[in-house]
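To keep things clear, I will list the structure first and then write my remarks on it.
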Amino acid sequence: MKKILLSLSVSLLVGTAFSQQRMVLTESFSQASCGPCASQNPALEALMAANPTKVVAVKYQVSWPGVDPMNAQNPTDVSARQGAYYNISGVPDRVMDGTNMDVTQAAIDARYAVASPVNMTLNHVVNSITNTVDIVVTVTAPAVWNPSNTVMQLAMIERNITFTSAPGSNGETVFHNVMRKMIPSPTGTAVTASNFASANGTQTFTFSGIAIPTYIYNPNEIGFVAWVQNNTTKEVYQAGYSAPIPLPNYGVVASVNAATYTCGTSLTGAVAVLNNNGANTITSATVNYKIDNGTVQTAPFNGNLTVGSTSNFTIPTTTTTSGAHTLSVYLTNINGSGSTTPMGQFTTSFATISVTPSTSSFYQDFMSSAFPYANYFVTSPQSNNWVRSTASSGSIKYDAYTFPAGSVGEVYLAPVNLSSISNPSLSFAVAHREYAAAYADVLDVEVSTNCGQTWTNIYSKAGAQLSNAGGTYVTTAFTPVAANWRVEYVNIANFASANNALFKFKATSDYGNNIYVDNINIGTASIEALTETSFNVYPNPASDLVNISFEGENTDYSISLMDIQGRVISSREIANASGEQVVSFSTENVAKGSYIVTVTSNGAITTKNVVIK
């Protein structure tokens, strides 16, 4: 029994706060993609920091206007306070002791001077073995008090959340006093009037074994805010705060550095950066790692990792299958604590491709919904990835309309053996509109012939050059129609000898508008690529008739007029054509818009755009 008690004395950590007179509660509503929030939050945080004995703070990260991972982790509790309870419809916004108002020093002082009918004590105990917390809130009324429709609200907060790069579009990387969970729920716990029918009446609220959510960024930053509130008037009578407690044995995997893309059947040389965020030097720990949802494997860490320092730990070589994967690493059993609860998990993505490169022409129209496809790799440092879109009956989209400026997304295609393709060339369809001239989103295409060790840029367009209609701005999220697409041709003759060529499409957001790519073709150079002047489409734009002329080379040809979704409007077959050829299609009954003319011969496909007006 003595050993058990000693173990508990190490693993149970207690924090306590006493509210002997009114503590003012400020509730703020913000969002990681709200521009005005970024400009106004620093002043609010400075005000909170200047009044630690007068005010406690809770911040709710709402769901609009853009991306906010903190909201995505618990949208229900946020929405209950923001929408159902306070009817907040815009951010940033502030509520002080239940009243929607500006929070200023004068307002804090005035409210602080108002006597409270109750006192409050609040404490919490963290069990670092079970990764749970116990919280006790006690409300006492020195005089007779008759509360009506009143509840005790309890919020688990994360005092400081720090990102290495902005998680939203407003540039903020540090967030304070963020509500992570309402306990037991956003409705709170009823305050019973009969408990206060005489002087010094008391009601105690006990919450035991509350699991610390897995989405908490840093358990060392967990604190609790409690308040007593009248649901009819919304007035807050009293608030209290229990500050975060440093965990004695706590470490995180700060990052994992692994080769993004390798050719082979194993993950080799991945390095996890271990960071001691606890109060004690870490001399031992178990490093846990797994690929995808596979079996967790372990390796021992032994060393002398002092408080606040880091250490590199090499993950043992691990066999993988061909394709895209995730690697997750976390710590357990720090300093022999016996805890099996994952601590400080970090997950990164990588690809090991061991497939034989395609020896035939490569074509991808994204018609299949099962994106990303076998031996493709989709990655983004900010987790702002390309996704498949239903536009053009299937395409890929980079959401530069939502993703913050500087976000990068890459799509690696399956490898191609260019040396097996005569006169290889690359073409693809692209659609983009600018949000405004000041927002220049970028699309790059890069190729590697050494399995991703180095890359060569073969295509780069941005802003008006990337847009299919420079100077025409779209201020809503852009979704292309047929007339918005164009086909780009890229010369890849310099890489014709590569027997394992990797191509990747890379988008960089400037917080402008969406980028779409479709119909990627890597194959024998088209007629246009070889003799551009010998393939003509006229008139262009066309009204009632479109003509296609080309020079036949004693072979068979297939000529088609298609819409941007790939549906054939008209087609013609010519056998053993030699010399100048002219094919005409009637367009009298064809809807206005952008169309594609294709000429196919011996596996080579040539395309040109034509506009029907």
Side-chain angles (χ1 to χ4, degrees), residues 255-272 287-299 313-329 346-381 383 385-388 396 408-421 424 426 428 444-456 458 492 494-506 517 520-523:
S255 63
V256 176
N257 303 313
T260 302
Y261 192 103
T262 57
C263 296
T265 58
S266 62
L267 172 68
T268 303
V271 176
V287 178
N288 303 257
Y289 58 98
K290 66 176 181 177
I291 293 178
D292 303 326
N293 290 317
T295 302
V296 175
Q297 301 183 67
T298 62
F313 183 89
T314 300
I315 303 298
T317 298
T318 307
T319 301
T320 64
T321 57
S322 182
H325 303 283
T326 58
L327 170 65
S328 299
V329 187
F346 190 96
T347 299
T348 190
S349 60
F350 69 97
T352 52
I353 305 298
S354 56
V355 67
T356 301
S358 170
T359 56
S360 59
S361 297
F362 176 98
Y363 183 72
Q364 183 55 256
D365 59 10
F366 301 101
M367 296 288 283
S368 170
S369 61
F371 181 80
Y373 311 124
N375 298 306
Y376 281 53
F377 181 48
V378 179
T379 185
S380 166
S383 297
N385 287 309
W386 286 85
V387 297
R388 181 185 178 272
I396 54 173
V408 175
E410 297 177 331
V411 175
Y412 293 63
L413 307 182
V416 180
N417 184 349
L418 295 181
S419 68
S420 67
I421 302 173
L426 166 67
F428 59 92
D444 292 294
V445 182
E446 298 179 352
V447 62
S448 173
T449 58
N450 55 10
C451 199
Q453 295 180 42
T454 59
W455 293 88
T456 301
I458 57 175
I492 57 174
N494 290 342
F495 310 96
S497 63
N499 59 17
N500 190 349
L502 303 177
F503 291 85
K504 70 176 177 182
F505 284 73
K506 175 182 176 181
V517 169
I520 301 172
N521 182 50
I522 303 170

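Numbering of residues begins at 1 and proceeds along the displayed sequence.
You'll find the side chain of Phe503 stays beyond 4.5 Å of the side chain of Ile520, heavy atoms only. In this structure, Phe313 and Val329 have side chains that are not in contact, with every pair of non-hydrogen atoms separated by 4.5 Å or more. For the pair Phe362 and Ile421, the minimum side-chain heavy-atom distance is 4.5 Å or more. Annotation: side chain of Ile522 is in contact with side chain of Ile492 (closest heavy-atom distance under 4.5 Å). Put simply, the side chain of Phe350 does not reach to within 4.5 Å of the side chain of Thr260, judged on heavy atoms. Counting heavy atoms from C-beta on, the side chains of Ile315 and Val287 come closer than 4.5 Å. Counting only heavy atoms from C-beta outward, the side chains of Ile353 and Tyr412 never approach each other to under 4.5 Å.
In this structure, OG1 on Thr356 lies 9.5 Å from CG on Asn417, to the nearest 0.5 angstrom. Interatomic distance, Met367 CE to Arg388 CZ, rounded to the nearest 0.5 Å: 8.0 Å. Rounding to the nearest 0.5 Å places CG of Asn500 at 9.0 Å from OG1 of Thr449. With values rounded to the nearest 0.5 angstrom, Leu502 atom CG is found 11.0 Å from Asn375 atom CG. Interatomic distance, Phe366 CZ to Trp386 CH2, rounded to the nearest 0.5 Å: 8.5 Å.
Of the possible donor and acceptor atoms, one in the side chain of Ser368 sits under 3.5 Å from a partner among the backbone N and O of Ala370. When atom types are taken as modelled, the side chain of Thr352 and the backbone of Thr321 share a donor-acceptor pair closer than 3.5 angstrom. Side chain of Ser448 to main chain of Trp455: no donor-acceptor pair is present (N/O by atom type, distance under 3.5 Å, no hydrogens or angles). A side-chain donor-acceptor contact under 3.5 Å links Ser322 to the backbone of Ser354. Using modelled atom types, one side-chain atom of Asp292 and one backbone atom of Thr326 make a donor-acceptor pair closer than 3.5 Å.
Closest of all the heavy-atom pairs between Ser358 and Ser420 is O-OG, 4.3 Å. Residues Tyr289 and Pro316 share a closest heavy-atom pair of OH-CG, 3.5 Å. What you find for Val355 and Pro415 is that their closest heavy atoms are CG1-CG, 3.8 Å. Residues Ser419 and Ser497 share a closest heavy-atom pair of CB-O, 3.7 Å. In terms of heavy atoms, Tyr261 sits closest to Leu413 at OH-O, 4.5 Å. A pairwise comparison of heavy atoms in Thr295 and Lys290 identifies O-CB, 3.8 Å as the closest pair.
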Derivation and outcome, side chain to side chain contact (heavy atoms under 4.5 Å, CB included), residues Thr456 and Phe495: CA-CA 10 Å; Thr456 301; Phe495 310 96; 3.9 Å; yes

Check against side chain to side chain contact (heavy atoms under 4.5 Å, CB included), Gln364 and Tyr376: CA-CA 11 Å; Gln364 183 55 256; Tyr376 281 53; 2.9 Å; yes

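Donor-acceptor pairing under 3.5 Å is lacking for the side chains of Ser361 and Asn521.
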